[in-house]
Structure formats: structure tokens, C-alpha cells
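Each residue takes its place number in the sequence, starting with 1. All ligand and atom numbering here is 1-based and tracks the order in the structure.
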Amino acid sequence: MRISIINGPNLNLLGKRETDVYGTVTFEAFLETLRTKYADTEISYFQSNVEGELINELQRAGYNSDGIVFNPAGYTHTSVAIGDAIAAIKAPVVEVHISNVQAREDFRKISHVSAKAAGSIIGLGLKGYELAIEWLIAQ
Ligand code: DQA
């Protein structure tokens with residue numbers, strides 16, 4: 001089983017970015033926990049602050065892995081092209097947001113991703129990534 005985790009812009013700053021909203025754990029540290037817990041699953045990780053790079057990786061992973069856990073971060077609310085990429089690929093995509101985007105500013109309530117994703121997990125912190133992996137493994 002091969003699962004790809006893809007994180008969008010500014011998520012490279014997890015652990016030091018708006019810690020009241022996103023927590024103090026770095027994604028690299030969290031990834032180690034995930035890889036230990038799901039040792040039988042190959043978990044690849046890609047992060048970019050660049051929209052086109054995220055689309056390239058969605059296309060690559062979309063035909064080379066069994067499922068994608070995707071936090072598009074700010075592009076969630078703006079990128080038609082990312083929504084199109086998800087619709088274009090084969091692997092199921094689970095949209096994850098660390099914070100509860102529905103409880104924040106109005107612009108965060110719009111997602112170009114949700115309608116194209118298999119499902120969405122929002123507001124459950126980093127646990128959301130774990131739940132997404134559990135769901136993908138169960139498919
Ligand atoms: C986020 C929520 C987005 O609105 C925001 O732009 C992010 C992170 C989250 O994980 O809560 O960068 O996707």
C-alpha cells in the first residue's frame with residue numbers, strides 16, 4: 001500500500017507558524033510518528049509553496065499511489081486548477097485541514113477541493129492525517 005501525503009503553502013512552517021491555530025509539532029516529527037505507526041504502508045511526503053508543483057505532484061502520485069492525503073492550505077480557497085487536478089487523477093484524495101476552516105474567516109469556507117475529494121477531515125489537528133490514512137488503508 002502506497003500513500004502520498006501532500007502539503008500546500010506555509011505548511012513547511014508547522015511548529016512555528018501561528019502555533020495557537022496549528023500547534024507546536026513540526027510535520028517532519030509528526031511524519032516519523034506516522035511512518036512508525038503505519039510501518040507496513042509506504043508513506044511518501046511532498047510539500048510545496050508553489051501551486052504548479054502541487055499539481056505536478058498530484059498528477060504523479062495520482063497514478064503511482066493507492067491514495068493521497070492532501071492539505072492544500074491556502075490554495076483550497078482559490079485554486080480551480082488544483083480542484084481540476086484532483087478530478088483528473090485515479091487515486092482517491094482525502095482533503096485534510098488542521099484547523100476548523102468552517103469556524104474561521106468566510107473566505108476559508110470556500111473549497112475548490114471538497115467536491116472533488118473522496119472526503120474531507122477538518123478541525124481535528126494533525127490527527128486528521130492519521131484518520132485519512134486509516135480510511136485509505138481500509139479501502
Ligand atoms: C489550513 C487552513 C487554510 O485555510 C490555511 O490557509 C492553511 C492551513 C489548515 O490546515 O487548517 O494554510 O489548510
Side-chain angles (χ1 to χ4, degrees):
M1 177 97 191
R2 286 172 303 167
I3 290 178
S4 297
I5 300 177
I6 304 177
N7 271 343
N10 303 304
L11 293 169
N12 54 314
L13 297 180
L14 275 185
K16 52 186 172 193
R17 165 198 188 199
E18 297 176 89
T19 52
D20 51 324
V21 180
Y22 300 113
T24 54
V25 179
T26 66
F27 203 81
E28 288 69 23
F30 178 62
L31 192 58
E32 273 187 41
T33 316
L34 286 179
R35 284 183 171 144
T36 304
K37 181 160 183 186
Y38 301 100
D40 293 340
T41 301
E42 195 184 306
I43 301 176
S44 73
Y45 177 58
F46 180 85
Q47 188 279 330
S48 178
N49 297 321
V50 180
E51 186 176 12
E53 288 182 3
L54 292 166
I55 292 169
N56 285 342
E57 181 62 13
L58 281 167
Q59 292 186 3
R60 190 203 64 76
Y63 286 95
N64 290 287
S65 63
D66 302 304
I68 299 174
V69 181
F70 184 32
N71 185 343
Y75 286 135
T76 309
H77 319 298
T78 62
S79 179
V80 171
I82 283 180
D84 284 349
I86 294 169
I89 61 180
K90 196 166 149 274
V93 174
V94 181
E95 176 188 14
V96 170
H97 297 285
I98 297 164
S99 65
N100 183 352
V101 284
Q102 293 300 325
R104 299 179 66 191
E105 301 96 323
D106 281 347
F107 70 84
R108 291 186 207 275
K109 295 178 182 157
I110 294 163
S111 171
H112 290 281
V113 169
S114 301
K116 310 286 169 57
S120 306
I121 300 171
I122 67 163
L124 303 183
L126 291 175
K127 185 83 186 168
Y129 291 86
E130 204 175 313
L131 295 170
I133 290 171
E134 295 272 352
W135 184 81
L136 286 168
I137 289 172
Q139 296 317 294

* Structure fact -> Ranked by distance from atom 11 (O) of ligand 1, the top protein heavy atom is Ser99 OG, 2.6 Å
* Structure fact -> shortest atom 9 (C) of ligand 1-to-protein heavy-atom contact is with Ile98 N, 3.3 Å
* For atom 12 (O) of ligand 1, the option (of His97, His77, Arg17) bearing the nearest heavy atom -> Arg17
* Asked: Between Phe30 and Tyr129, how do the two ring planes meet: parallel, tilted or perpendicular, split at 30° and 60°?
  -> perpendicular
* Asked: Considering residues, nucleotides and ligands other than Lys127, do more than 12 of their heavy atoms fall under 6.0 Å from its NZ?
  -> no
* Asn71 touching ligand 1 at heavy-atom level, < 4.0 angstrom -> yes
* What residue and atom, counting heavy atoms only, is the protein's closest point to atom 2 (C) of ligand 1, and at what distance? -> Val101 CG1, 3.6 Å
* To do: Verify the neighbour count for atom CD of Glu32: are there more than 12 heavy atoms of other residues, nucleotides or ligands below 6.0 Å?
  => no
* **Rounded distance (nearest 0.5 Å) linking atom OG1 of Thr19 with atom CG of Leu13** => 12.0 Å
* Structure fact -> atom 5 (C) of ligand 1: closest protein heavy atom, distance to 0.1 Å, is Arg108 NH1, 3.2 Å
* Taking atom 8 (C) of ligand 1 as the reference point, the nearest protein heavy atom with its distance -> Tyr22 OH, 3.4 Å
* To do: May I ask you to decide if the ring planes of Phe107 and His77 are parallel, tilted or perpendicular, using 30° and 60° as cut-offs?
  => perpendicular
* Report, as yes or no, whether the 6.0 Å neighbourhood of atom CD on Glu42 holds more than 12 heavy atoms from other residues, nucleotides or ligands. => no
